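One structure is given below, encoded as structure tokens.
Since we're looking at a predicted model, the values are computed, not measured.
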Amino acid sequence: MPFLDEWLVPTLESTVPEAAMAAMRKAAEEAPTALWEQLVQRRLMTDDEILNAIAARFRFPLADLTTMDIKVRESVPEGVARKHNVLPLRITDSTLDAATANPFDIDAEKMLAFATGREVRLFLSSPGRIRDRLDEMYRGENLVSKLLGGLDSGADVQQIEDIQDDLGTSADEASQKPIIRLVDMMLADGVTSRASDIHVEPIDGGVTVRYRIDGVLRQVMTVPRAAGIPLISRIKIMSGLDIADRLRPQDGRARIAINENKVDLRVSTLPSTYGEKVVIRILNQKATVLSLESLGLFPDEQVQVERLLGFKEGIILVTGPTGSGKTTTLYSAIRLIQNEGVNIVTVEDPVEFRLGKHIVQVQINEKAGLNFSTALRSILRQDPDVVLVGEIRDGETAQIAIQASLTGHLVLSTLHTNDAPNSVTRLVDMGMQAYKIGAALRGVIAQRLMRRLCLSCRVVQKEPVPERVVPYFTRAKTLYQAKGCPDCAMTGYRGRFSIVEILTMNPDIERLIGQGSTVDLIATAARQNGMLSLFESGLRHVLAGDSSVDELLRVTDIPMEGRYGPAGARQAALGIPSLYPTGVFPAVPQAPVAPAAPAVDLATAFELIEESPAEGAPAEDESRGVSVLLVDDEDQLRRVMKDLLERDGYLVHEARDGVQALDQVDRVAPDIIVLDLNLPGLDGYEVLTKLRSRPSTQDIPVIVLTAKGDEDNEVRVFELGADDFLTKPFRARALSARLDAVLSRRRAT
């Protein structure tokens, strides 16, 4: 029996090439090994293929590791679980469910039954997955218990007492060796796990520790309250904060060395119900490569950024929410233009990374009266060529930054806005004159961070993409999705990259900004100048296999179709599906006036009515003044229906979901309702049921509009009280004719 799991051979030998089986058997004779692991390592079979083969032959049920009850570890000793490589899943008064890779291991079954005093039910899983979940189940508890071995457990956790009495601890308690070791372990583990932040959160009965890895929080341990409160105090001592002041938020910083690698920490505390929450931002300069290449931009995006940095004066803004990588982008840009002949001065709060020679970095100190505006005034007297302002927070800072950009300096800064065009609105809200913004602005880079698929375990996506994004993936050859492996801590993702929306100035955009135009007009002009949206930038990465559809939808919103028009020739050259239904879009407006309605051709949904009234369409005098409520979550379809109905003289109201529809019915009392069935939240069936159950709305005619054109669905909506049934796709004349017919029947009765 050369294989440790020889029982697998009869099940799998017919599916494995004979030569490969002979080679593995020979290797196992020299050093005993498991057939299962050999097959996976040599990529002859996957874990799922082996599991399905065993389940099919022996009729063993597969384990569902997603429903594991973490409390079961209290009943099953870690030593027993690891010795037999079994994973306890769930426990009741009479049974224990456990996952195993060897359902014929009688010793494991007997030992589990003896340890728990319950009947054991075994389920199938792979050896690797069981080991990973065992590490997840027992690791945090073991580390904490070992590190706190000499610490007094304190009050009974079952005792009910005023939480506020236990919120503080002395410096002596925070300096106990177990507490110091626990903090050191937590910081070292966070750095090695590639965490960007460590969250220490008091809860009822303890303190939880979570790491933010690749933008997503993951819980790693729970610390007893007797150790958790001193742990928080220890962090405050390290970062120079007042441990006696527990009622106000505090900010501090610390610098540590892990294996001679220096790491900066930014510490923030916030009072909460159960104590102080602490967030530690990890700034590991060695793990962060400050270059445009490391941001993960496409070559054409990198060229656009480099072109912006080629200006000698003006202001360049990087926008996005907290944690979107704005500072890293600014630092990478500074590194690109850094040289001996350029005087670069930065003013930051705080200084996250020390950028080296030829760059002077100024740290904001509010207590000493040094804020962004006062620092900027002094910096402009230091003969700078390039000024980096960490963040434009108020009108005074914005005023000085724009003045500096208009007087021969290149100014780089960040701003909190959702997208690039809205940066102009934000500056106007701060009190800036529009004509100055137009003259000073050179470009805006809006960005987000998307997780990169783990290349070791990504798999081809077999499930269909969500219906609302199908049009963007019709020509996609291969899409990938996350799976999970030890390399990526079973998340399916490893690392992040930037997706960007780059607005570059041209005379048309500058004129629009100077005239005080709306965001829509500025964005339309920017799109025609080649600006791609954040969604389109992320879409390119998904099509290239860098990330998944799920991650794209997690990070970005789907743009409202047709809102700004296509991104000129650049979008077609890059092969990105248009967000606009046709190739026709409005010309760049030359004055701040409302743009003409775009010509829309929705051939796949319905065709627009002709200018002359078609046969069967309602006469305008019949429809004038009739109130119609359109209920549909597709914005583009709803807008076009509204346009054609208003041409016929109807008064049109809109709703995007079921709840809003019921609210609009009460507000406007429509004469007729056009109701889509597939709605978010409250669907069309429920809306129709509620309308017919209320005396005040039971007589309002309802035309159901749906893509579900089957007979059963049609019968169901008529049983619920619908007056007519119209399936997508449909022609515009059909909608007008149906409205007229239903209203005529109502008038007749």
Side-chain angles (χ1 to χ4, degrees), residues 467-468 520 557-563 594 597 600 602 605-606 608-609 617-618 620 622-708 713-714 716-728 730 732 734-747 749:
E467 184 178 349
R468 63 185 187 277
D520 281 4
D557 293 324
I558 304 173
M560 188 180 295
E561 295 185 25
R563 183 178 180 187
V600 183
L602 298 179
F606 52 84
L608 293 173
I609 61 174
E620 187 170 336
E622 293 180 10
S623 59
R624 184 169 300 279
V626 174
S627 174
V628 181
L629 175 61
L630 297 178
V631 186
D632 199 302
D633 62 336
E634 296 180 27
D635 296 330
Q636 176 189 341
L637 177 60
R638 199 175 63 251
R639 283 198 304 273
V640 178
M641 285 195 294
K642 178 181 180 181
D643 179 65
L644 68 90
L645 291 176
E646 286 180 340
R647 293 185 197 178
D648 285 338
Y650 290 101
L651 299 176
V652 181
H653 305 277
E654 301 177 71
R656 297 190 60 183
D657 55 51
V659 175
Q660 189 178 2
L662 294 175
D663 182 62
Q664 286 286 74
V665 168
D666 294 333
R667 287 173 179 269
V668 303
D671 297 304
I672 189 168
I673 300 171
V674 179
L675 175 66
D676 185 22
L677 290 180
N678 187 21
L679 297 172
L682 202 66
D683 64 22
Y685 301 107
E686 296 173 282
V687 173
L688 186 55
T689 301
K690 289 182 180 296
L691 289 173
R692 293 298 179 247
S693 65
R694 293 158 56 179
S696 60
T697 60
Q698 62 184 3
D699 294 327
I700 299 177
V702 177
I703 297 177
V704 167
L705 177 65
T706 178
K708 302 175 181 178
N713 196 49
E714 185 173 359
R716 180 183 177 189
V717 297
F718 279 123
E719 289 176 345
L720 290 174
D723 293 82
D724 204 348
F725 184 84
L726 189 60
T727 59
K728 301 177 185 178
F730 60 90
L735 178 61
S736 299
R738 296 295 182 97
L739 281 168
D740 182 45
V742 171
L743 289 170
S744 297
R745 289 198 299 268
R746 288 286 178 162
R747 292 191 189 103
T749 57

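- Inter-residue side-chain proximity for His653 and Ser627 is flagged as met; some heavy-atom pair is nearer than 4.5 Å.
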How far apart are the C-alpha atoms of Val674 and Asp632, what are their side-chain angles, what is the distance that settles it, and do they pass the side-chain contact (heavy atoms from CB on, under 4.5 Å) test?
CA-CA 8 Å; Val674 179; Asp632 199 302; over 6 Å; no

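- To the nearest 0.5 Å, atom CG of residue Leu662 and atom CG of residue Leu691 are 6.0 Å apart.
- A distance of 12.0 Å separates CZ in Arg468 from CD in Glu634, rounded to the nearest 0.5 Å.
- At least one side-chain heavy atom of Met641 sits under 4.5 Å from a side-chain heavy atom of Leu705.
- Taken to the nearest 0.5 Å, the OH atom of Tyr650 stands 7.0 Å off from the CD1 atom of Ile672.
- Proximity of Val702 to Leu688: side-chain heavy atoms (C-beta onward) are separated by under 4.5 Å at one or more points.
- Remark: Asp633 CG to Asp676 CG distance equals 6.0 Å, nearest 0.5 Å.
- Nearest approach of Pro701 to Val742, heavy atoms of both residues: CB-CG1, 3.5 Å.
- A distance of 5.5 Å separates CG of Leu629 from CD1 of Ile673, quoted to the nearest 0.5 Å.
- Atom CG of residue Leu743 and atom CG of residue Asp671 lie 7.0 Å apart, to the nearest 0.5 angstrom.
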Verify side-chain contact (heavy atoms from CB on, under 4.5 Å) between Leu645 and Leu630, making sure each step is shown before the conclusion.
CA-CA 10 Å; Leu645 291 176; Leu630 297 178; 3.9 Å; yes

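- Here salt bridge (charged side-chain N to carboxylate O under 4.0 Å, His left out) pairs that include residues 682-693, with residues two or more places apart or in two chains, are Arg692-Asp723.
- Applying the side chain to side chain donor-acceptor pair (under 3.5 Å) test to every pair with at least one member in residues 693-702, sequence neighbours left out, gives these pairs: Asp666-Arg694.
- Nearest heavy atom pair, residue Ala655 against residue Arg638, reads O-CD, 3.8 Å.
- With hydrogens and angles disregarded, a donor-acceptor distance shorter than 3.5 Å links the side chain of Arg738 to the backbone of Phe725.
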